[in-house]
Amino acid sequence: MPYLCTLIINTMFTIKTPFSKDTKFAELMTDDRRLLQLLPRFGIGLGFGDRSVEQVCQMNHISTQLFLMICEIYSDSSFRPGQKELRQIDMEDLLSYLKASHQYYLNERFPHIEEHLQHIIEACGQKYGPMLSHFYEEYKQEVMRHIQYYEEEVVFPYIETLLDGQRTDSYKIDEFEHNHTNIQDVLDDMMNILLKYLPGDILPMERIEISYDIMELSDDLNRHSLIEERILIPCVESLENTKP
């Protein structure tokens, strides 16, 4: 059978691992490799054997329902949890996950990219090196301004105030969506330099690898935004509408 026909048939009959508390945890991870990025944010280590999702979550003191909901959004960007499911989410668990995600980006992902990107910047010389460095720093600072300063210093303290039973008119969660930074233009400029304009003999394999890392980080940040828009915002709106 021709390869293309075999590929089409295999794709048609591929059965995706269900998102269930009884699913083998390892099967969930191997079914969609992007879910592996979630493990350090939940504090889940490797070596989970044949345990189910529920068993692994219980061992790590994690809400199984929140874990599966976040996995769903990472695996399918069109997924939207229902109001019934959202009402069962513990806001403190969600905040802990979001804060851990911020630390993951700032302490793991950005330093990894910077280490490899610096090799390319040094090899570029004065013609392209400073320009590439400028666009990367602009990209990083835009991300940091949003997650480290706006979310950590404005949004999360506001939510914690609501959880303590206090009310304030100085801020409302509907302002959050308007403050989501659009950094795609900066990212596009940086990727154009890496892929289109640098001479072909400047560290080609390292450029491919770092381009993949940057695009993967961008996709990860987009999923992070979806979690905030589809889980965090409606949960906080429900808190705002609850009478003290």
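Quick note: residue numbers are just sequence positions, from 1.
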inquiry  = Pair D220, R41 - check salt bridge (charged side-chain N to carboxylate O under 4.0 Å, His left out), show working.
reply    = CA-CA 13 Å; D220 194 331; R41 305 175 215 187; 2.5 Å; yes
query = Should M190 and E138 be marked as a side-chain contact (heavy atoms from CB on, under 4.5 Å) after you check the CA-CA gap, both sets of side-chain angles, and the distance that decides it?
reply = CA-CA 10 Å; M190 182 167 56; E138 188 175 353; over 6 Å; no
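With sequence neighbours excluded, the residues that form a side-chain contact (heavy atoms from CB on, under 4.5 Å) with I208 are M205. Partners of P157 under the side-chain contact (heavy atoms from CB on, under 4.5 Å) rule, at least two apart in sequence or in another chain, do not exist in this structure. M131 meets the side-chain contact (heavy atoms from CB on, under 4.5 Å) test with F135, I193; sequence neighbours excluded. With sequence neighbours excluded, no residue forms a side chain to side chain donor-acceptor pair (under 3.5 Å) with D174. For the side-chain contact (heavy atoms from CB on, under 4.5 Å) test, residues two or more places apart in sequence or in another chain that qualify with Q148 are L106, M144.
R223 and D76 are not joined by a salt bridge, as no carboxylate oxygen comes within less than 4.0 angstrom of a charged side-chain nitrogen. Using a 4.0 Å cut-off between a side-chain N of Lys or Arg and a carboxylate O of Asp or Glu, E216 and R33 qualify as a salt bridge. Using a 4.0 Å cut-off between charged side-chain N and carboxylate O, K172 and E237 make no salt bridge.
Of the possible donor and acceptor atoms, one in the side chain of E85 sits under 3.5 Å from a partner among the backbone N and O of G82.
Residue Q126 qualifies as open at atom CD: its count of foreign heavy atoms under 6.0 Å is 12 or below. The 12-atom threshold is exceeded at CG of D22, counting heavy atoms of other residues, nucleotides or ligands nearer than 6.0 Å. Dense packing is recorded around CZ of R34, with more than 12 heavy atoms of other residues, nucleotides or ligands lying under 6.0 Å away.
Listed by first and then second residue, the ring pair (Phe, Tyr, Trp, His ring centres under 6.0 Å) pairs that reach into residues 73-98 are F42-Y97, sequence neighbours excluded.
Remark: the E175 side chain and the Y158 side chain contain no N/O donor-acceptor pair separated by less than 3.5 Å. Side-chain atoms of Y104 and Q37 include no donor-acceptor pair closer than 3.5 Å.
Each of Y136 and Y212 belongs to its own hydrophobic cluster when Ile, Leu, Val, Met, Phe, Trp and Tyr are linked at side-chain heavy-atom distances under 4.5 angstrom. One hydrophobic cluster holds both L36 and L68 under the rule that ILVMFWY side chains link at heavy-atom gaps under 4.5 Å. Side-chain heavy atoms closer than 4.5 Å link hydrophobic residues (I, L, V, M, F, W, Y) into clusters, and following such links, possibly through other members, connects Y197 to L195.
Distance check: L28 CG to L38 CG gives 9.5 Å after rounding to the nearest 0.5 Å. One distance of note links CZ of R80 with CD1 of I231; it measures 11.5 Å at 0.5 Å rounding.
Ring planes of H119 and H116: perpendicular class, angle over 60° (limits at 30 and 60°).
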